[in-house]
Protein chains: 2
Amino acid sequence: MFVRTPAELGAVLRDRRKKLKLDQSTFAKRIGVSRQWVIEVEHGHARAELGLILRALDALDIRLDASTEQTPARGVTRPAVDINAIVAKARKKKA
Amino acid sequence: MFVRTPAELGAVLRDRRKKLKLDQSTFAKRIGVSRQWVIEVEHGHARAELGLILRALDALDIRLDASTEQTPARGVTRPAVDINAIVAKARKKKA
DNA sequence: TAGAAATGTCGGCGCTCGATGACATTCGAG
DNA sequence: CTCGAATGTCATCGAGCGCCGACATTTCTA
């Protein structure tokens, strides 16, 4: 499962928590946050703290893998060749 | 690369940013944050906002994969069988 | 059908994020 | 060596997080 948005991550957390038969209260205590926090995160709260999120994932034995592979359809940053030229240009432009 | 701590994630971001030959200012503008934010996150800031982190990863074409596979050495949650019994017990105990 | 458990919502509060702008330090090109 | 770019540091400030405690709603079991 690939995670791109806070909502997706929230869904992952919720599914996994339910699979482990944990209720929000126990889960919250286990990772050291309030139940309120669990609720909001599971609902896709975008401004949750990174550290707490990682703790939550860890508590549910979810591994996060960061890879640099390309999703062809999303071709946004695809320079690949003349980076030097771009840099030089940026240097001149004095952004 | 597996990410377990904010520091690890910061390192991933920094490495990737440098590989793409971006400086902090340009990077910050690209994802809509301040340069200060980039600095702190790359240093492992634990309380950064989830949404901004995801934007940063996206801007660098880094995909996050959440998997439920077991890291054998961390065998914490390994019930697998009589969850029902545990639940029943917990019900009785009225923790 | 109760009745409890789980989940979601509300108001209030302390604390720190993230932004801004200026300055210091490091590093590389010339 | 000199100049500038890149990175790191500092102080300030408004806004929102995460917490608490109570209550509302949904979802189960007995």
Side-chain angles (χ1 to χ4, degrees), chain A residues 5-7 9-60 79 83-95, chain B residues 5-7 9-60 77 79 82-95:
Chain A
T5 71
L9 200 145
V12 169
L13 286 173
R14 161 158 293 198
D15 287 352
R16 181 67 177 152
R17 175 178 66 77
K18 291 202 167 178
K19 272 205 186 74
L20 296 182
K21 295 276 188 287
L22 294 173
D23 60 79
Q24 297 175 340
S25 298
T26 340
F27 180 44
K29 271 175 203 145
R30 185 167 300 189
I31 60 182
V33 298
S34 69
R35 191 170 65 86
Q36 177 74 23
W37 184 87
V38 173
I39 295 175
E40 294 188 358
V41 166
E42 287 188 348
H43 280 274
H45 184 42
R47 312 185 60 173
E49 291 183 12
L50 173 63
L52 299 181
I53 294 290
L54 293 178
R55 289 230 298 272
L57 290 169
D58 193 67
L60 296 179
I83 294 185
N84 291 332
I86 297 178
V87 173
K89 205 131 198 185
R91 286 260 166 75
K92 283 297 178 186
K93 273 187 62 180
K94 181 63 181 59
Chain B
T5 71
L9 200 147
V12 169
L13 286 174
R14 160 157 296 197
D15 288 352
R16 183 67 178 152
R17 176 178 63 79
K18 291 202 165 176
K19 272 205 185 73
L20 296 182
K21 295 276 188 287
L22 294 173
D23 60 80
Q24 296 175 340
S25 298
T26 344
F27 180 43
K29 271 176 202 147
R30 186 167 300 189
I31 60 182
V33 298
S34 68
R35 193 170 63 86
Q36 177 75 24
W37 185 88
V38 174
I39 295 175
E40 294 187 359
V41 166
E42 286 188 348
H43 281 272
H45 183 42
R47 311 185 60 173
E49 290 184 14
L50 173 62
L52 300 182
I53 293 290
L54 292 179
R55 288 231 300 272
L57 290 169
D58 193 65
L60 296 179
T77 321
D82 54 345
I83 293 184
N84 291 333
I86 297 177
V87 173
K89 204 132 197 181
R91 285 262 166 74
K92 283 295 178 188
K93 272 187 64 181
K94 181 64 181 57

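For clarity, every value in this text was computed on a predicted model and none was experimentally measured. Below, read A as the first sequence line, B as the second, and so on, with proteins coming before strands; counting in each chain starts at 1.
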Whole angstroms only, please: what is the CZ-P distance between R55(A) and dC17(D)?
18 Å
Heavy-atom protein contacts under 4.0 Å, nucleotides 18-23 of chain D, coded B base, S sugar-phosphate only, - none
SS----
Gap between atom CG of L9(A) and atom CD of E42(A) - 0.5 Å precision
10.5 Å
Given dT7(D), is OP1 or OP2 found less than 4.0 Å from the side-chain N or O atoms of R17(B)?
yes
Within the 4.5 Å heavy-atom criterion, are L52(A) and I31(A) side-chain neighbours or not?
no
Please tabulate, for side-chain N and O atoms in residues 33-40 of chain A, each donor-acceptor pair with protein atoms closer than 3.5 Å (sequence neighbours left out).
residue: S34(A); atom: OG; partner: W37(A); partner atom: N; Å: 3.2
residue: Q36(A); atom: NE2; partner: E40(A); partner atom: OE2; Å: 2.9

Separation of R14(A) atom CZ from dA6(C) atom P, in whole Å?
14 Å
Integer-rounded Å distance: dC17(D) P and H43(A) NE2
15 Å
Report the distance from atom CD of E42(B) to atom P of dG8(D), rounded to the nearest whole Å.
7 Å
To the nearest Å, give me how far apart NZ (K21(B)) and C1' (dT7(D)) are.
16 Å
Q24(A) has an atom CD; how far is it from atom P of dT27(D), in whole Å?
13 Å
Whole-Å distance between dG28(C) P and K18(B) NZ?
10 Å
Approximate separation, where rounding is to 0.5 Å, of K18(B) NZ and D23(B) CG
11.0 Å
Rounded to the nearest 0.5 Å, what's the gap from CD1 on I53(B) to CZ on R47(A)? Could you check?
13.0 Å
CZ/R55(A) to CG/L60(A) distance, rounded to the nearest 0.5 angstrom?
12.5 Å
